[in-house]
Structure formats: structure tokens, C-alpha cells
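Okay, structure first, notes after.
In this text the structure is predicted, and so the values were computed from the model without any measurement.
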Amino acid sequence: MNQETAAPDPQLGNSVRNFTVQLSPTPRGARLARLLATEQLRAWAIPLDPARLLVAELAANAATHSRVPGRDFRLTLYVVAGILRIEVTDTRGDRPPYPQVPAPDGESESGRGLLIVAALADRWGWDPGPRPRKTVWAELALGHAPKPGNPNSGAPGAFSQEPTTAK
């Protein structure tokens, strides 16, 4: 059900850490994603926050907005070159994620998840496919605080350490 891989890079002396788990697209599955991610981050000696908050938001979005009966979502965490990447893959590729500004009356109980992701992540975005899937991801640089004004892409893109502009 879950998988962890650590393979040293003989040239760079870095290790690649990887954790993947498939979960039901339910509130219970979203909570389990957060709990499992927290334990994995502890095992890797990576600071828990804001990473577990990002996992919680992305998993809750998959369970709430991308739920298809009988189809799970997948949580993947990996660390490469000092970047923690959090990915949540669901089976609603027909529903691209976009931040929503909540109603000014404060009555809306949803719609803030991607705004929270954008505020906490160094970068975030989504990648389509293969059909019917999409992957929403967030990246955190480990070992230093994010720089003020670092843009979050929020658009489809590849794993890159180069900042992108908001669309």
C-alpha cells in the first residue's frame, strides 16, 4: 500500500526520498493522508509545518472536489535536491484546480484551500493526465525560509526549481 525508496546518488552524495500511498477519496482518507505524511516527515527529520498543512489541504480538495466513487487518490512525497514535493493525484482531470476568492460575507465554508496552499508553498501548480487524472503539487525548499514575493505558479508545469510567474 505504501512505498518508501532511498537511493543514494553516487555523484552528488544526495539521497532521493520517496513515499506513496493510495487512499479513498473520503474525509477519512484525507485525514489518513495527513497522518501518514506527518509520520513520514518525522522519519525523514523534515519540519512538519507547513508540509503537513499542505498535505491536509490538497488531500481534502481531492476528497471533496474530485471524488469519483470507486476511484482512489494518491499522495506522493519526495525530496530531491533540497526540495520537498507534495503531490496529490486524483481522477478528475476534467476539473482543473483554481483558487477561489471566498464570499466577502464570510459565510462560505469552502473555497480557501488553494489560497492556503499558495500562501504556504514556495511553488504550487498542477499537471494533467494521463486521462482521467490530474496531479496537484506543492513544493517547499528545505533548509531556508521562503523569500518574500516568491511567486507561486498555480499553473500546469514540470518539477523545476526555477520560479514561475502567476497566471
About how many Å separate [atom2] of [Y] and [atom1] of [X], when rounded to the nearest 0.5 Å?
{"X": "W137", "Y": "W124", "atom1": "CH2", "atom2": "CH2", "result": "9.0 Å"}
{"X": "E87", "Y": "K134", "atom1": "CD", "atom2": "NZ", "result": "13.5 Å"}
{"X": "R52", "Y": "L35", "atom1": "CZ", "atom2": "CG", "result": "9.5 Å"}
{"X": "N18", "Y": "L77", "atom1": "CG", "atom2": "CG", "result": "8.5 Å"}
{"X": "L58", "Y": "R34", "atom1": "CG", "atom2": "CZ", "result": "13.5 Å"}
{"X": "T64", "Y": "D90", "atom1": "OG1", "atom2": "CG", "result": "11.0 Å"}

Among V16, L84, L41, exactly one meets side chain to side chain contact (heavy atoms under 4.5 Å, CB included) together with V79. Which residue is that?
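The residue from V16, L84, L41 that satisfies side chain to side chain contact (heavy atoms under 4.5 Å, CB included) with V79 turns out to be L84.
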Applying side-chain contact (heavy atoms from CB on, under 4.5 Å) to N61 and V136, what does each step give before you reach the verdict?
CA-CA 10 Å; N61 282 351; V136 183; over 6 Å; no
Path from L48 to I116 over hydrophobic side-chain contacts below 4.5 Å:
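Shared cluster, yes.
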With [X], which residues qualify under side-chain contact (heavy atoms from CB on, under 4.5 Å), at least two apart?
{"X": "A33", "answer": "L23, V55, A59, F73, L75"}
{"X": "R74", "answer": "T20, T76, T89"}
{"X": "A60", "answer": "none"}

Testing the basics here: between P25 and A62, what is the closest heavy-atom pair and its distance to 0.1 Å?
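Scanning both residues, the minimum pair turns out to be CB-O, 4.4 Å.
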I need the minimum non-hydrogen distance between L114 and P97, along with the two atoms involved.
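Here L114 and P97 meet closest at CD1-CB, 3.6 Å.
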Do R17 and I46 have side-chain heavy atoms sitting under 4.5 Å apart?
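Yes, side chains in contact.
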Quick check: does any side chain N or O of D122 sit under 3.5 Å from a backbone N or O of A141, one acting as donor and the other as acceptor?
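Yes, D122 side chain to A141 backbone: donor-acceptor pair under 3.5 Å.
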